[in-house]
There are 2 protein chains.
Amino acid sequence: MELKQPATVTLAEVAEAAGVGESTVSRVLRNHGSFSGKTRERVMAAVERLGYVPNRIAGTLASTGSRLVAFVIPSLSNIVFPDVLRGASAVLEENRYQAVFSVTDYDPGKEEALAAAMLAWRPAAVMLAGYEHTDGSVKMLRASGCRIVELLDLDGDALDIAVGFSNRAAGRESAAFLLKRGYRRIGYVGHDLNRDTRAGKRFSSFCETLETGGAPLVAREILAGASSVENGRLGLERLLARARGLDAVYFSNDDMALGGYFHCLAEGIAIPSKLAIFGYNGLDIGRAMPQPLSTIRTPRVATGQIAAQLVVANAPPQAVDLGFELIEGATA
Amino acid sequence: MELKQPATVTLAEVAEAAGVGESTVSRVLRNHGSFSGKTRERVMAAVERLGYVPNRIAGTLASTGSRLVAFVIPSLSNIVFPDVLRGASAVLEENRYQAVFSVTDYDPGKEEALAAAMLAWRPAAVMLAGYEHTDGSVKMLRASGCRIVELLDLDGDALDIAVGFSNRAAGRESAAFLLKRGYRRIGYVGHDLNRDTRAGKRFSSFCETLETGGAPLVAREILAGASSVENGRLGLERLLARARGLDAVYFSNDDMALGGYFHCLAEGIAIPSKLAIFGYNGLDIGRAMPQPLSTIRTPRVATGQIAAQLVVANAPPQAVDLGFELIEGATA
DNA sequence: ATGAAAGCGCTAACAG
DNA sequence: CTGTTAGCGCTTTCAT
């Protein structure tokens, strides 16, 4: 049935086989412009028979804009980014856009290099995390003419489109919640803040709010590696060994908080009576814990969706605040 | 300093500015062919001055092969796939390849449609999960002439390259381990097996091994949704409500197992004396639990790395077995 | 060592 | 409604 094709059927061959001109085939395939039903059938039959797969490389070059959307993300380990990609990819697929990605490891220099490589594909948009980019990146992105979307942060000036929420507000509300609950000796366990600037913003506004509330941060433990359950457990262990009498700990992320929770379980530290725990992200896992995790739920998937929708619609420059939700939980 | 560029500097303009021919610029930029040091400097200066970013769409069209690698993955929620992407993307970036992806939601029909869309970009390779593809997908992929890599499964015949491990062996070893430990009344909690065929393979060989061992599966609870901590908790709750006297439960994944663990914690069921728990994947989280999770650690990141390396090297067709590691843990 | 010219496969006017 | 004709921006012979 299926003959071995010469590996690459072109539009010209389809046109020839269907007995029509190339542009007609092009019109039919893109369902754009006008053509008769009969022509359409002939073309589709030829496409089918020859097993023709359009070459979008050629198509993109010939037309103006590409349907590539480039994601330059810090990490794939931090669940935040797969979630954003998930939201975006669903929308992009519906609109026949293709997602391209690369991973910076939270390194701005690498971000610049990868953004440059991405730009070479002339994408319709480049999606980046947050506002902290090198001057070189900014200049290059601005000059590229493609849409720029900054994700998951709203504390800064957007280059073009921004979608997310305020990390500063999240830090503030977390602190306010703990104060309201009556905790006064509060500590912090986090991962590398210089790299994850959004976590850094949460932390600094968290601290400010505590000070304003008259209960400044008692102690902190910053771990070198990435956010992880193991680091959370280790971090809390170290923090408690150093700082006595803490009544609550704020974690940079839910996975860190879960690690802290495990530490308490293992050590028999009663939660929240002896020690309260507060996280960030609102992962599903927090809901399934014996005591639901007190945390802030962030709209990660929605961030991706909205960002993709704005790009597809070629919306004007804007900053979209998706907000977040504080979940009281049972650990604080 | 930076003048507003006409949005799109071309190689021809660089050539003009440098006072050389287009092909010379092309040679210098790709560092291929011969040219004098002086020429090189002139070209690079022009590139710098004009802020030229090569157009890889045009480059790819003009040359033969593209440096795009397409991933058609079932999900981004299941951590397995971000892990694979992570391993692959590091290798691809080093070799100046670009990763493109789309998500099938475990739907073979959607896989076919997305694979077709991917092929339109004429990628160097298409990476897919496992062996279960529609006839249409297989025919199309075969005809495409690009490399095909099937990931995370080795129980079947590879189309071209396969990288992963045997899910059947994993199921078998899990069962053998539980039997060796003396468990005889064993249950199973899993997510949708028709969609996740790899989980299905583990489950069926798990059951076979139990039967051979004279302790056939006592009960199972299959949840409709995706693998998640909440489903694991719910699943175990339901299973225990129906089946009395179980002494061990095998979960389709570590997150499901963690949910089961949480259920036991909440209900005061002693682990492993009253009930043993066994997972699959070897997530970091399992190591941080108060009792390390008994599970099988799979080489997810390595799968991505090796797959990418084989593609970059244009290696001959082959199946690479990366194996897996049984972690005894403390929950079984 | 370097330039000229011919495409790569398609889209986009422009005529008919 | 449909065919012809130029390119899109680059790589690649092939001369020079």
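Naming convention: chains lettered A, B, ... in sequence-line order (proteins, then strands); numbering from 1 in each chain.
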Student: Could you tell me the separation between the CH2 atom of B:W121 and the C1' atom of C:dC8, rounded to a whole number of Å?
Tutor: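 The answer, rounded to whole Å, is 15 Å.
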
Student: Check every nucleotide of DNA chain D for an atom under 4.0 Å from a heavy-atom of chain B, then give the first and the last such nucleotide from 5' to 3'.
Tutor: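 Range of nucleotides touched by chain B: D:dG9 to D:dT12.
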
Student: Roughly, in whole Å, what's the span from CD in A:E13 to C1' in C:dG9?
Tutor: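 Going from CD in A:E13 over to C1' in C:dG9 covers 11 Å.
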
Student: Rounded at 0.5 Å granularity, tell me how far OH in B:Y52 sits from CE in B:M44.
Tutor: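 Taking OH in B:Y52 and CE in B:M44, the distance rounds to 11.0 Å.
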
Student: From CG of A:L11 over to P of C:dC8, roughly how many Å is that when rounded to an integer?
Tutor: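 Nearest whole value for this atom pair: 13 Å.
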
Student: How long is the gap from CG on B:N167 to OG1 on B:T197, to the nearest 0.5 Å?
Tutor: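 Rounded to the nearest 0.5 Å, the CG-OG1 separation comes to 8.0 Å.
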
Student: Just checking A:Q309: does its CD atom have more than 12 heavy atoms from other residues, nucleotides or ligands closer to it than 6.0 angstrom?
Tutor: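 Yes, the 6.0 Å shell around CD holds more than 12 heavy atoms from other groups.
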
Student: Out of the candidates A:V311, A:D160, A:L119, only one should pair with A:C146 under the side chain to side chain contact (heavy atoms under 4.5 Å, CB included) rule; please name it.
Tutor: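 Going through A:V311, A:D160, A:L119 one by one, the side chain to side chain contact (heavy atoms under 4.5 Å, CB included) with A:C146 is satisfied by A:L119 alone.
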
Student: Side-chain donor or acceptor of B:R27 under 3.5 Å from a matching atom on the base of C:dG3?
Tutor: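 A donor-acceptor contact between them is present.
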
Student: Looking only at heavy atoms, what is the nearest atom pair of B:A46 and B:A17, with distance?
Tutor: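 That would be CB-CB, 4.2 Å.
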
Student: Where the side chain of A:S26 is concerned, which of C:dG3, C:dT2, C:dT11 is the nearest nucleotide?
Tutor: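 My answer, after comparing the listed nucleotides, is C:dT11.
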
Student: Tell me the interatomic distance from B:L29, atom CG, to C:dT2, atom C1', rounded to whole angstroms.
Tutor: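 Those two atoms, CG and C1', are 16 Å apart.
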
Student: Taking atom C1' of C:dA5 as reference, at what distance in whole Å does atom CD of B:E22 sit?
Tutor: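 Answer to the nearest Å: 10 Å.
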
Student: Could you check whether A:T39 gets within reach of a base, just the sugar-phosphate, or nothing at all, counting any heavy atom under 4.0 Å?
Tutor: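 Sugar-phosphate only.
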
Student: Nearest heavy atom decides the nucleotide; on that basis, is A:R42 or B:V53 closer to the 5' end of DNA chain D?
Tutor: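 First, find each residue's nearest nucleotide; the 5'-ward one identifies A:R42.
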
Student: So do the side chains of B:L310 and B:V149 get within less than 4.5 Å of each other, counting heavy atoms only?
Tutor: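 No, their side chains stay 4.5 Å or more apart.
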
Student: To the nearest Å, how far apart are B:K38 NZ and C:dA1 P?
Tutor: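 Going from B:K38 (NZ) to C:dA1 (P), I get 13 Å.
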
Student: Working to the nearest 0.5 Å, report the span between CZ of B:R56 and OG of B:S63.
Tutor: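 Going from the CZ atom of B:R56 to the OG atom of B:S63 covers 9.0 Å.
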
Student: Relative to the 5' end of DNA chain C, which residue comes earlier, A:T60 or B:S34, by the nucleotide with the nearest heavy atom?
Tutor: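 Nearer the 5' end of the strand: B:S34.
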
Student: Just the rounded figure in Å: distance from C1' of C:dG7 to CD1 of A:I57.
Tutor: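 Interatomic distance, CD1 of A:I57 to C1' of C:dG7: 17 Å.
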
Student: Is a donor-acceptor pair below 3.5 Å formed from side chain B:S23 to base C:dG3, judging by atom type as modelled?
Tutor: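 Such a pair is found, so the answer is yes.
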
